[in-house]
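Keep in mind that this is a model prediction, so the values were computed, not measured.
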Amino acid sequence: MTETVIHLGFWELLIGSIVTMYMLIAGGWVLAKAGRSPLWILLLLFPYINVLAVWVFAFMRWPFVDRAPNATEPAPADRN
């Protein structure tokens, strides 16, 4: 009987951990810039939930995009 277990060495695990941490940090930064909690990024660690989380994030209301413009800011048509 053949085994299909993948044996990863030290360097593979180290590179995988670095890439995963970069993904979490960069994704958390993007979520914070979008006005959401950076903790949403933790949902990407779970299979099947990650697809649902990205879909929900893409179609939810974006506070910085949907907010009303300030009265002190000129409208884009008023700028010269």
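Ile18 and Trp11 fall within a single hydrophobic cluster, where Ile, Leu, Val, Met, Phe, Trp and Tyr side chains are chained together by heavy-atom contacts under 4.5 Å. No continuous path of ILVMFWY side-chain contacts below 4.5 Å connects Val51 to Tyr48, so the two sit in separate hydrophobic clusters. Tracing side-chain contacts under 4.5 Å through hydrophobic residues (I, L, V, M, F, W, Y), one reaches Met23 starting from Ile49; they form part of the same cluster. By the rule that hydrophobic residues join a cluster once side-chain heavy atoms approach within less than 4.5 Å of another member, Phe46 and Leu24 end up as members of one cluster. Under the 4.5 Å side-chain heavy-atom criterion for ILVMFWY residues, no single connected hydrophobic cluster contains both Leu45 and Val19.
A distance of 11.0 Å separates OG1 of Thr20 from CG of Leu44, quoted to the nearest 0.5 Å. Here the CG-CG distance, from Leu31 to Leu39, works out to 9.5 Å after rounding to the nearest 0.5 Å.
Looking at every heavy atom in both residues, Ala34 comes nearest to Phe57 through CB-CZ, 4.0 Å. Shortest non-hydrogen contact noted between Gly28 and Pro38 is O-CB, 3.7 Å.
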Exercise for the section: Report the C-alpha separation of Val30 and Ile41 in whole Å, then their side-chain angles, then the decisive distance to 0.1 Å, and conclude whether the side-chain contact (heavy atoms from CB on, under 4.5 Å) test is met. Expected result: CA-CA 9 Å; Val30 168; Ile41 200 67; over 6 Å; no

Practice task
Decide yes or no on side-chain contact (heavy atoms from CB on, under 4.5 Å) for Leu43 and Leu52, but give the supporting numbers first.
Solution key: CA-CA 9 Å; Leu43 293 175; Leu52 182 65; over 6 Å; no

